[in-house]
Amino acid sequence: QVQVVESGGEPVQAGGSLRLSCLASGTISFITYMAWHRQAPGKQREMVAGMTKNGTTNYADSVKGRFTISRDNAKNTVYLQMDSLKTDDTAVYYCNVRGISRSLFNPFNSWGQGTQVTVSS
């Protein structure tokens, strides 16, 4: 099994910054893709930023230029640096990790429980 744990969410004022972290652990052979999604109250979950093993990134238009995704492959960890935060960024942020497990080399697609980010004006 693969476990995913997010951390770093907390209340912050508009214009401020936060750095989220996500650690994947368990029966991991290798990770192919790590991403951050978010879900605001009453809205559907949306992709925020993603990064492949070789460093290719993609971002939602709403966060381009403000958020930066990075990863430490050796630590199976992905980060989300969030700058110039807006009240619209308030949401639960979820980490998604995809890869191949050591168990029979089956693919996995795991999610964390989420971390709350609240941006106040």
Side-chain angles (χ1 to χ4, degrees):
Q1 284 190 340
V2 175
Q3 295 80 41
V4 177
V5 178
E6 306 97 335
S7 61
E10 63 183 53
V12 63
Q13 287 196 323
S17 297
L18 277 179
R19 188 192 195 208
L20 305 183
S21 299
C22 167
L23 170 66
S25 61
T27 56
I28 298 171
S29 178
F30 61 88
I31 293 173
T32 56
Y33 184 73
M34 304 182 87
W36 289 94
H37 295 242
R38 68 185 181 187
Q39 187 166 19
K43 295 186 178 180
Q44 289 188 330
R45 189 175 297 191
E46 62 174 353
M47 194 281 293
V48 175
M51 192 171 195
T52 65
K53 184 178 176 64
N54 65 5
T56 301
T57 59
N58 60 305
Y59 293 91
D61 288 341
S62 59
V63 306
K64 284 180 180 177
R66 300 188 299 120
F67 290 10
T68 303
I69 189 170
S70 61
R71 59 189 280 182
D72 185 334
N73 290 329
K75 296 181 179 179
N76 290 338
T77 299
V78 64
Y79 306 96
L80 186 66
Q81 178 65 42
M82 305 186 294
D83 298 317
S84 302
L85 282 161
K86 306 175 180 179
T87 54
D88 287 347
D89 295 319
T90 295
V92 178
Y93 284 71
Y94 298 91
C95 182
N96 174 231
V97 180
R98 306 174 196 174
I100 303 298
S101 74
R102 294 201 306 267
S103 174
L104 302 179
F105 295 97
N106 288 327
F108 67 85
N109 183 357
S110 299
W111 292 83
Q113 293 298 307
T115 185
Q116 176 70 48
V117 173
T118 302
V119 184
S120 59
S121 57

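Fair warning: this is a prediction, and the values are worked out from it, not measured in the lab.
Annotation: the span from F67 atom CZ to Q81 atom CD amounts to 9.5 Å, rounded to 0.5 Å. Y79 OH to D72 CG: the interatomic distance, rounded to the nearest 0.5 Å, is 5.0 Å. Between T68 atom OG1 and M51 atom CE the span is 10.0 Å, to the nearest 0.5 Å.
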Output side-chain donor-acceptor pairs under 3.5 Å for residues 16-27, partner residues at least two apart or in another chain, one line each.
residue: S17; atom: OG; partner: D83; partner atom: OD1; Å: 2.8
residue: T27; atom: OG1; partner: Q1; partner atom: N; Å: 2.9
residue: T27; atom: OG1; partner: Q1; partner atom: O; Å: 3.3

Quick one: do E10 and T115 satisfy side-chain contact (heavy atoms from CB on, under 4.5 Å)? Show the steps, please.
-> CA-CA 8 Å; E10 63 183 53; T115 185; over 6 Å; no

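Between the side chain of E6 and the backbone N or O of C95, at least one donor-acceptor pair lies under 3.5 Å. A distance-only check finds no donor-acceptor pair linking the side chain of Y59 to the backbone of R66 [under 3.5 Å]. S101 contributes a side-chain N or O that, together with a main-chain N or O of N106, makes up a donor-acceptor pair within less than 3.5 Å. A donor-acceptor pair under 3.5 Å is formed between the side chain of R71 and the backbone N or O of T52. Between the side chain of N96 and the main chain of S110, a donor-acceptor pair closer than 3.5 Å is present.
Residue pairs meeting the side chain to side chain donor-acceptor pair (under 3.5 Å) criterion with at least one member in residues 34-43, sequence neighbours excluded: R38-E46, R38-S62, R38-D89, R38-Y93.
Exactly one of N73, N76, V78 qualifies for a side chain to side chain contact (heavy atoms under 4.5 Å, CB included) with I31. That residue is N76.
At a threshold of 4.5 Å between non-hydrogen side-chain atoms, the residues M82 and V48 do not count as touching. Side-chain contact between T32 and F108 is absent, with no heavy atoms from C-beta onward closer than 4.5 Å.
Counting non-hydrogen atoms of neighbouring residues, nucleotides and ligands closer than 6.0 angstrom, the CD atom of Q13 reaches no more than 12 such neighbours.
Clustering ILVMFWY residues whenever any of their side-chain heavy atoms sit less than 4.5 angstrom apart, transitively, puts L85 in a cluster other than the one holding V92.
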